[in-house]
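Let me begin by handing over the structure; questions about it come next.
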Amino acid sequence: MDYQSIINEIAEEVFPLLGDGKVANYIPALAGVNPKQFAMTLTLFDGTQYSVGKADTLFSIQSISKVFTFTLALKFYGTDLYKRIGLEPSGNPFNSLVQLEYEKGKPRNPFINAGAINVTDALINHYGNDETAYEEVLEFIRAISDDKTIDSSDVVAISEMEHGFRNLALANLMKSFNNLDNKVEDVVGTYFKHCAIEMNTKMLSRAMLYLSNDGVDPVTGQIYITASQSKRINAVMLTCGHYDASGDFAFNVGLPGKSGVGGGIVAVVPEVMGICVWSPGLNANGNSLAGTKALELFTTKTGLSIF
Ligand code: GLN
């Protein structure tokens, strides 16, 4: 398949949509990003990459980090993790408090904010302190991306904490139900540092390869997780990766995927490739508007959906 021509065509087709969405504006560091940007990268199992647009531009990965923290928590805790976090789609916005109160502090899944904050708490338990939990997640991301330069933006992380009232509320609510072990500020602070990691579409599509290949990096042969764990992460990405628009994403794109409010979306084509698309303008559900359309066009043009 001529992947380069296909993604060039997609970039042209989504061009009129750039600027239609709304850039995340809950912190100044994200509000200042130019919405009229677009990039897309495909990474195959031999490491070959096809890119279009601003594929070297770093952006805030935000909730895409939830895939990586969930991977590590599942690796260390196995099915015990499900005692503290559910696996069902929430049908609610990513930062909703309402369901968490009804369900006694047990987050619906690891990809909404409450779930990812809870996963971070489990990782702090595992690693012994918040600083190590942050460093080890960063090291894991560097390893799966095969790029040691990746880092977190202090400006974004600090700004998130200054405006993090809702996430702190989610953590406090879980703490009140005895479903959070460490100090609220430490857990939320670590969660924000993971969200503030900056990557480009080349790095993120490379980072998806272990999930396209049953937990094993096809380029290096490194085994990260079991095939069964990889299958389950993909399943949760498909059902919960886009919050209350997960059904819509499964319907229109048909791939396991995870979005972030920085405008990035990662997707997995099992046995074939990792994908990342980026465009900062978001739809009403907080998912990249042009990015979602680009992925829909991709599976339509290539037939590479899981269905
Ligand atoms: N840092 C963001 C938050 O916690 C991440 C949300 C997202 O990317 N959907 O609100």
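One-based numbering, in listed order, for ligands and for the atoms of each.
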Q) Looking just at side-chain N and O atoms, do Tyr3 and Thr48 make a donor-acceptor pair shorter than 3.5 Å? A) no

Q: Return the residue, atom name and 0.1 Å-rounded distance of the protein heavy atom closest to atom 4 (O) of ligand 1.
A: Tyr191 OH, 2.8 Å

(Q) Any nitrogen or oxygen of Asn113, side chain or backbone, less than 3.5 Å from one on ligand 1? (A) yes

Q. Do Leu168 and Leu97 share a hydrophobic cluster, counting only Ile, Leu, Val, Met, Phe, Trp and Tyr and linking them when any side-chain heavy atoms are less than 4.5 Å apart?
A. yes

Q: Select one of side chain, backbone, both or neither to describe which atoms of Cys195 lie under 4.0 Å from any atom of ligand 1, heavy atoms only.
A: side chain

(Q) Donor-acceptor pair, distance only, cut-off 3.5 Å: does the side chain of Thr302 make one with the backbone of Leu304? (A) yes

Q: Have a look at ligand 1 and work out which part of Asn167, if any, has a heavy atom under 4.0 Å from it: side chain, backbone, both or neither.
A: side chain

Q. Going by the order shown, which atoms of ligand 1 are within less than 4.0 Å of some heavy atom of Phe94?
A. 6 (C), 9 (N), 10 (O)

Q. Hey, does Glu160 come in under 3.5 Å of ligand 1, counting only N/O atoms on both sides?
A. yes

Q: Check whether any N or O atom of Val261, backbone or side chain, sits under 3.5 Å from an N or O atom of ligand 1, and answer yes or no.
A: yes

**Q.** Atoms in ligand 1 flagged as close to Tyr243, the criterion being non-hydrogen separation under 4.0 Å
**A.** 7 (C), 9 (N)

Q: Anything under 30° is parallel, anything over 60° is perpendicular, the rest tilted; go ahead and classify Phe94 against Tyr243.
A: tilted

Q: State plainly whether one hydrophobic cluster holds both Ile265 and Val14, where clusters connect Ile, Leu, Val, Met, Phe, Trp and Tyr through side-chain heavy atoms under 4.5 angstrom apart.
A: yes

Q: If you have a sec, work out which protein heavy atom is nearest atom 7 (C) of ligand 1 and how many Å separate them, to one decimal?
A: Ser63 OG, 2.5 Å

Q. Picking from Phe249, Phe70, Phe68, what satisfies ring pair (Phe, Tyr, Trp, His ring centres under 6.0 Å) with Phe111?
A. Phe70

Q. Which word best sums up how the rings of Phe76 and Tyr127 line up, parallel for under 30°, tilted for 30 to 60°, or perpendicular for over 60°?
A. perpendicular

Q. Starting from atom 1 (N) of ligand 1, which protein heavy atom do you reach first, and at what distance in Å?
A. Gln62 OE1, 2.5 Å

Q) Mind checking what makes side-chain hydrogen bond (donor to acceptor under 3.5 Å, both in side chains) contact with Asn172, not counting sequence neighbours? A) none

Q.
Quick check on contacts: which atoms of ligand 1 are under 4.0 angstrom from a heavy atom of Gly260?
A. 8 (O)

